[in-house]
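The sequence lines fix the lettering, A, B, ..., with proteins before strands; numbering per chain opens at 1. Just so we're clear, the structure is a prediction, and the values are computed from it rather than from any experiment.
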2 protein chains.
Amino acid sequence: MAPTPETLTAERILEATEEVLRRHGPAKATVVDVARALGVSHGSVYRHFRTKAALREAVSKRWLDRTSQALAGIAADAERDPAARLRDWLAALFEAKRRKAGDDPELFATYMVLTDESGGAVAEHLADLVGQLTRIVRDGVESGAFAVPGPAETEARALFHATGRFHDPCYAREWKQPGVEDEFEAVVELLLRGLAAR
Amino acid sequence: MAPTPETLTAERILEATEEVLRRHGPAKATVVDVARALGVSHGSVYRHFRTKAALREAVSKRWLDRTSQALAGIAADAERDPAARLRDWLAALFEAKRRKAGDDPELFATYMVLTDESGGAVAEHLADLVGQLTRIVRDGVESGAFAVPGPAETEARALFHATGRFHDPCYAREWKQPGVEDEFEAVVELLLRGLAAR
DNA sequence: CAGCTGACAGATTTCAATATCTGTCAGTCC
DNA sequence: GGACTGACAGATATTGAAATCTGTCAGCTG
C-alpha cells in the first residue's frame, strides 16, 4: 500500500539513477545527483546499494533483462519450426539492438559504458541468451530438423559467436550502414545450412 | 646506392615512427619525437607526410599488410583441398592476431589505436582479406566441394563476419581465456558444414 | 635549386590548485 | 530502534594558466 513518493526503495533509486544517467551521461552522473533527484541525502542511497559500482551494475542488469525477456517468448515457443524460430530469434536480437543504438545513440553509449563496467551482470545476460539458443537447437535436433555433431549448447554458443557482428555493441557503428541487412541474411543462411539435417 | 643514414626517405621515417610509437605509446608519440629520433627538424618530416594523421595511417598500412601477406600464400595454394585451406586460413588469421595481442599487449594496443584512426587503410585491408577468402570459396565451388546459393564473395564476407570474434581486435581480451580454441573449432565446423555440398 | 631549418600562430596537452565526489559513521528524528 | 542526515577523510574530477605540439613558410645551405 505504501505509495511511491513516500518510502525510499531500491526500485525508486534505480529509476532515479536511470533518469540521472539519461540527463548527465555516465561520466558525470554522481550518487549525489541521484540523491538530489530523490530529495534525500546521498547517505540514504548507500543504505540500499553498497557502492556506486553496485548501483550502476543494478541499472545495467535491469536494462539487459529487458532485452532477454523480449526474446524468451520466441525461444520458448515449442510449437513452431525450429529453423524459423532461430531465424526470428536472431533477427529480433539484431533488430532490438539496432533500434536501441539508432534511436538514442547517446543513451546507448551510456549503457555501453555501464555494461563495460558490469562484468558479472553481462556474463549472466550472455549465459541467458545462449541458454535460449540452446533450447531452440535442442528442439531442432529432437524434431530431426537439425543435425549437430556435439552437445546443443556448444552449437548454440557457436551460433551466438558467429552472429556477434549483429548484436555485439562494439559493432554498433556498422548497423547504420546500407548493406547490413544483407550481410545479416547471408550469415544466418550459412549458419542454418550448417545446422540442417541432410 | 644511397646508404640508410644519409638520405631522409619515407621508409626511414616510418621505421623511426614505429620505434617512437613502441617507446612512447600512441598518445604521447609526437612528430617532434620522430624528427628528433632521426636527427632532423620536424619540418622535414612534413615534406614526406602531409599530416601527422597521414604518417600514422602509413604506419598502420605497413602493419596490416604484413598480416595480409602471411595469409595470401594459403589462399592462393590452388592445389590443396578448399575445405582444409579454409580451415588453415582462418586458423592462421586467428593465431597471428592472438600471438600479436598476447606477446606484446602494449604494442598491440598501440596498433589498435592507430587502426581505429585509419579508416581507409583498414577498409582496404579488410577488402583484401575478404578477397582472399573469396578465392578459396570460388575454388571450392568450382571443384564441387562447396555449394553456395549466391555469389562467392557474399559467402566469403559472411565467413569473415561470422569469425569476427576470432580476428577482430575488439575481442582481444577473450583470446586469452581457456575455452577459445574450442569455441573457434565449433564455429569453423559449423561454417564448413554450411558450405559443404550435399 | 632541392632539401632542410627554425621561428611562428593557433590548437592541443599538461599540471597543479581547487572543487567535488565517494563511502563512513556518530548522531538525529520519528 | 530502524531510517535518515550531514560532517568528514581520502580519492577523483575540474579548471585555467603555462608548456608543448602541429602545420606553414620564408629563408639558409650545399
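- Surrounding CZ of B:R23 are at most 12 heavy atoms belonging to other residues, nucleotides or ligands under 6.0 Å away.
- Atom pair B:L8:CG and C:dG3:C1' shows a separation of 9 Å (rounding to whole Å applied).
- DNA chain C lies under 4.0 Å from at least one heavy atom of each of the following residues of residues 32-45 of chain B: B:V40, B:S41, B:H42, B:G43, B:S44.
- Within a 6.0 Å radius of CZ in A:R50, no more than 12 heavy atoms belonging to other residues, nucleotides or ligands are found.
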Kindly indicate, with the supporting measurements, whether the criterion side-chain contact (heavy atoms from CB on, under 4.5 Å) is fulfilled by B:L192 and B:R87.
CA-CA 8 Å; B:L192 278 167; B:R87 226 186 285 265; 3.4 Å; yes
Audit row: A:D65, A:K61, salt bridge (charged side-chain N to carboxylate O under 4.0 Å, His left out) steps and yes/no
CA-CA 6 Å; A:D65 284 353; A:K61 190 163 160 37; 3.4 Å; yes
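- Taking every heavy atom of both residues into account, A:A156 and A:T134 meet most closely at CB-OG1, 3.3 Å.
- Enclosure of atom CZ in A:R198 by more than 12 non-hydrogen atoms of other residues, nucleotides or ligands within 6.0 angstrom is indicated.
- Counting non-hydrogen atoms of other residues, nucleotides and ligands closer than 6.0 Å to CZ of A:R138 gives a total of 12 or fewer.
- Contacts between residues 48-58 of chain A and DNA chain C, defined by a heavy-atom separation below 4.0 Å, involve A:T51, A:K52, listed by number.
- Atom OH of B:Y46 is separated from atom C1' of D:dG23 by 5 Å (rounded to the nearest Å).
- Neither side chain, B:K97 nor B:T67, offers a donor N or O lying under 3.5 Å from an acceptor on the other.
- Rounded to whole angstrom, the span from the CZ atom of B:R12 across to the C1' atom of C:dG3 amounts to 14 Å.
- What separates CZ of A:R47 from P of D:dG1 is a distance of 15 Å, to the nearest Å.
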Could you go step by step and tell me if A:L129 and A:S68 meet the side-chain contact (heavy atoms from CB on, under 4.5 Å) rule?
CA-CA 7 Å; A:L129 291 182; A:S68 300; 4.3 Å; yes
Spell out protein contact along nucleotides 9-17 of chain D as letters: B when the base is contacted, S when just the sugar-phosphate is, - when no protein heavy atom is under 4.0 Å; keep the 5' to 3' order.
-----S---
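- Outside the 6.0 Å centre-distance limit, the rings of B:H161 and A:F184 are not counted as a close aromatic pair.
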